Amino acid sequence: MDNQKMNYRKPFITITFLFFMWGFITVMNDVLIPHLKAVFELSYFQAALIQFAFFGAFFVISLIYFIISVSQGDPISKIGYKNGIIIGLILCGIGCCLFYPAANYQRYGIFLGALFVLASGVTILQITANPYAAILGNPDTASSRLNLAQGFNSFGTTLAPIIGAILLYKVFSNGEITVDSLKMPYLIYGGLFLILAVIIKFVKLPSFVNNEKIEKGLGVLKFRHVVLGMFAIFFYVGGEVSVGSFLINFFGLESIMGMEEAEAGVFLSYYWGGAMIGRFLGSVSMGSITDKTKKYLLMAGLSILFFFVLYFITGIKVEADEFSLQLLPFSKIWLFIVFLLINYLAFMIGGVKPSKVLTLFAGVIILLLLIMILSHGEIAFWSAIAIGAFNSILWSNIFTLAIKDLGKYTSQASSLLVMMIVGGALIPLLQGAVADIIGIQLSFFIPLVCYIYLVFYGIVGYKVKNTL
């Protein structure tokens with residue numbers, strides 16, 4: 001077993017970096033939305049087409065993958081995980097590089113096309129890297145490895161708003177909002193993806209073949225908890241992406257904080273940083289440690305450690321081409337610390353039962369959304385940011401509950417669940433349309449409805465029944 005761990009350590013580190021990269025590039029959309037909204041003078045609905053193009057690719061590519069898998073067998077089994085990862089990275093690189101001609105022609109439609117190509121690559125990485133991370137080692141610790149990898153995925157989502165804001169507003173522009181400032185940042189991102197594809201090509205990765213039989217037809221739909229789980233994934237991804245998409249605009253409201261986009265981008269990192277902290281806590285809380293004292297001390301240590309990582313990262317500033325460290329006074333972020341403490345306590349209360357944790361965390365998010373909608377100033381501001389911490393492990397809990405006891409139908413169910421990431425394309429579009437009518441603050445009742453469904457799934461919908 002020790003030799004096996006040694007053999008898998010380097011490949012797992014490589015795969016974890018992939019999680020970081022696609023987390024980084026995905027959350028760059030939250031910086032792009034207000035940027036392109038201002039450049040092209042878009043409505044909220046038109047700006048939400050960014051997420052529609054990005055997450056719509058998840059649906060299209062997953063649907064194609066599902067059709068191929070049920071008719072001809074699992075494509076990844078035929079080409080191998082390594083080749084699948086390389087294809088995903090190349091598509092990501094091409095998608096990023098397409099931002100250059102999009103900026104040259106200054107066409108919003110070309111930007112949306114570039115995002116679709118980029119997201120197609122991310123989708124393939126999701127399909128290949130997630131199961132690959134799970135099989136790199138002892139099956140009993142697969143969940144722990146996935147949570148750890150997802151923690152670094154959230155680290156990427158934490159860094160993206162800060163690095164994106166620095167590149168867009170400081171390094172490649174003089175502070176003015178222009179479409180040209182997008183050229184070099186995305187060429188850099190594209191170059192990194194292509195370089196990583198070359199590295200993966202020459203890195204020795206263990207070869208695995210998926211011998212599990214994939215059932216033809218749609219027999220998996222006879223399982224009630226799978227069908228309801230598909231809707232849970234749809235509403236979870238839709239709710240999470242919708243909240244993140246409009247946070248910068250929400251922070252800019254005079255009744256909230258009246259922030260400029262560059263400053264708001266920094267605080268967006270606290271939203272995704274909360275998710276990062278929550279995922280690392282979740283990897284311990286729902287892990288194999290039986291000693292509660294040891295578990296809770298480790299969780300507390302991780303929470304403090306990654307809070308300070310987030311605190312120092314968000315203090316990095318670029319002014320007059322010089323980097324400086326300008327840390328926020330604790331008097332300005334004390335509410336965030338309070339919400340992290342509540343998150344820690346929620347993990348203790350939720351324990352290791354996925355349905356209980358799902359219900360509890362979704363319930364807290366509903367309360368936070370109500371505070372966002374009904375209040376103003378700092379309490380509404382930090383309540384919005386705190387949602388990230390409670391979103392942290394909802395995906396893994398829903399996914400685990402939805403594929404429980406499926407046997408030969410597991411692969412088919414997994415394909416359908418990944419397909420439902422399309423919620424990230426449709427829910428923000430709906431909220432954007434509503435925001436154009438009633439305003440951005442009141443429009444957050446759309447994701448609120450999404451989380452109400454998640455509470456239902458955590459209480460009733462997850463229960464395994466053979467038929468609808």
Side-chain angles (χ1 to χ4, degrees), residues 1-2 4-5 8-9 12-13 15-20 23 129-130 133-159 236 240 270-313 336-365 385-401 403-404 458:
M1 182 64 68
D2 289 336
Q4 192 177 42
K5 289 181 180 178
Y8 290 158
R9 184 175 295 126
F12 181 72
I13 291 172
I15 296 303
T16 298
F17 187 68
L18 296 183
F19 277 77
F20 171 85
N130 272 296
I135 60 180
L136 279 174
N138 188 342
D140 294 335
T141 57
S143 178
S144 177
R145 287 192 298 278
L146 278 175
N147 280 325
L148 182 59
Q150 288 174 353
F152 283 97
N153 177 271
S154 290
F155 187 46
T157 64
T158 302
L159 287 177
Y236 161 67
E240 180 187 45
Y270 276 92
Y271 173 80
W272 293 109
M276 173 186 69
I277 293 170
R279 283 179 173 176
F280 281 120
L281 290 187
S283 67
V284 177
S285 177
M286 304 189 74
S288 59
I289 300 176
T290 56
D291 187 327
K292 288 187 176 182
T293 301
K294 182 179 178 180
K295 176 184 288 189
Y296 295 147
L297 285 175
L298 180 57
M299 288 170 59
L302 287 173
S303 185
I304 293 169
L305 171 64
F306 285 105
F307 165 76
F308 278 105
V309 169
L310 175 64
Y311 182 61
F312 281 101
I313 287 174
F336 182 68
I337 297 173
V338 170
F339 282 125
L340 287 183
L341 179 59
I342 294 172
N343 182 249
Y344 176 82
L345 294 174
F347 273 114
M348 294 178 67
I349 296 170
V352 297
K353 192 174 181 181
S355 59
K356 185 177 180 181
V357 175
L358 171 60
T359 304
L360 178 61
F361 278 45
V364 172
I365 292 173
I385 291 173
I387 290 173
F390 291 92
N391 265 328
S392 56
I393 60 167
L394 295 189
W395 165 275
S396 58
N397 285 10
I398 295 169
F399 209 92
T400 300
L401 292 169
I403 63 173
K404 184 178 180 181

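These numbers were taken from a predicted model, which means no experiment stands behind them.
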For this session: Take Leu360 and Phe390 through the side-chain contact (heavy atoms from CB on, under 4.5 Å) test and state the conclusion after the steps.
Result: CA-CA 9 Å; Leu360 178 61; Phe390 291 92; over 6 Å; no
Exercise. Asn343 side chain to Ala389 main-chain N or O, any donor-acceptor pair under 3.5 Å?
Worked result: yes
Exercise. Given the rule in the side-chain contact (heavy atoms from CB on, under 4.5 Å) test, do Phe347 and Val284 qualify, once you have shown the distances and angles that lead to the verdict?
Worked result: CA-CA 10 Å; Phe347 273 114; Val284 177; over 6 Å; no
Exercise. Quick one: does Thr359's side chain have a donor or acceptor within less than 3.5 Å of a partner on Ser355's backbone?
Worked result: yes
Exercise. Which heavy atom of Val357 sits nearest a heavy atom of Gly351, and at what distance?
Worked result: CG2-O, 3.7 Å
Problem set entry | Ala275 to Ser392 - nearest heavy-atom pair and separation | O-CB, 3.4 Å
Exercise. Would you call the rings of Phe20 and Phe155 parallel, tilted or perpendicular if under 30° counts as parallel and over 60° as perpendicular?
Worked result: tilted
Exercise. Do Phe280 and Phe152 come within less than 4.5 Å of each other through their side chains, counting heavy atoms only?
Worked result: yes
Exercise. What distance separates Leu394 CG from Phe361 CZ, expressed to the nearest 0.5 Å?
Worked result: 7.5 Å
Exercise. Only one of Leu345, Leu340, Val338 forms a side chain to side chain contact (heavy atoms under 4.5 Å, CB included) with Ile342, so which one is it?
Worked result: Val338
For this session: Over all heavy atoms of both residues, which pair between Thr293 and Asp291 is shortest? Give the atoms and the distance, please.
Result: N-OD1, 3.0 Å
Exercise. Can you find a heavy atom in the side chain of Leu281 that is under 4.5 Å from one in the side chain of Phe306?
Worked result: no
Exercise. Can you check whether Tyr296's main-chain N or O pairs, donor with acceptor, with Tyr344's side chain at less than 3.5 Å?
Worked result: yes
For this session: Keeping the roles fixed (side chain from Lys292, backbone from Met348), state whether a donor-acceptor pair exists under 3.5 Å.
Result: no
Exercise. Roughly how far, to the nearest 0.5 Å, is the CG atom of Leu302 from the OG atom of Ser285?
Worked result: 11.5 Å
Exercise. So do the side chains of Phe336 and Leu310 get within less than 4.5 Å of each other, counting heavy atoms only?
Worked result: yes
Exercise. Is there a side-chain contact between Arg279 and Asn153, using heavy atoms and a 4.5 Å cut-off?
Worked result: yes
Exercise. So how far is it from Ser154 OG to Ile393 CD1, rounded to the nearest 0.5 Å?
Worked result: 11.5 Å
Problem set entry | Spacing of CE belonging to Met276 relative to OH belonging to Tyr271, to within rounding of 0.5 Å | 14.5 Å
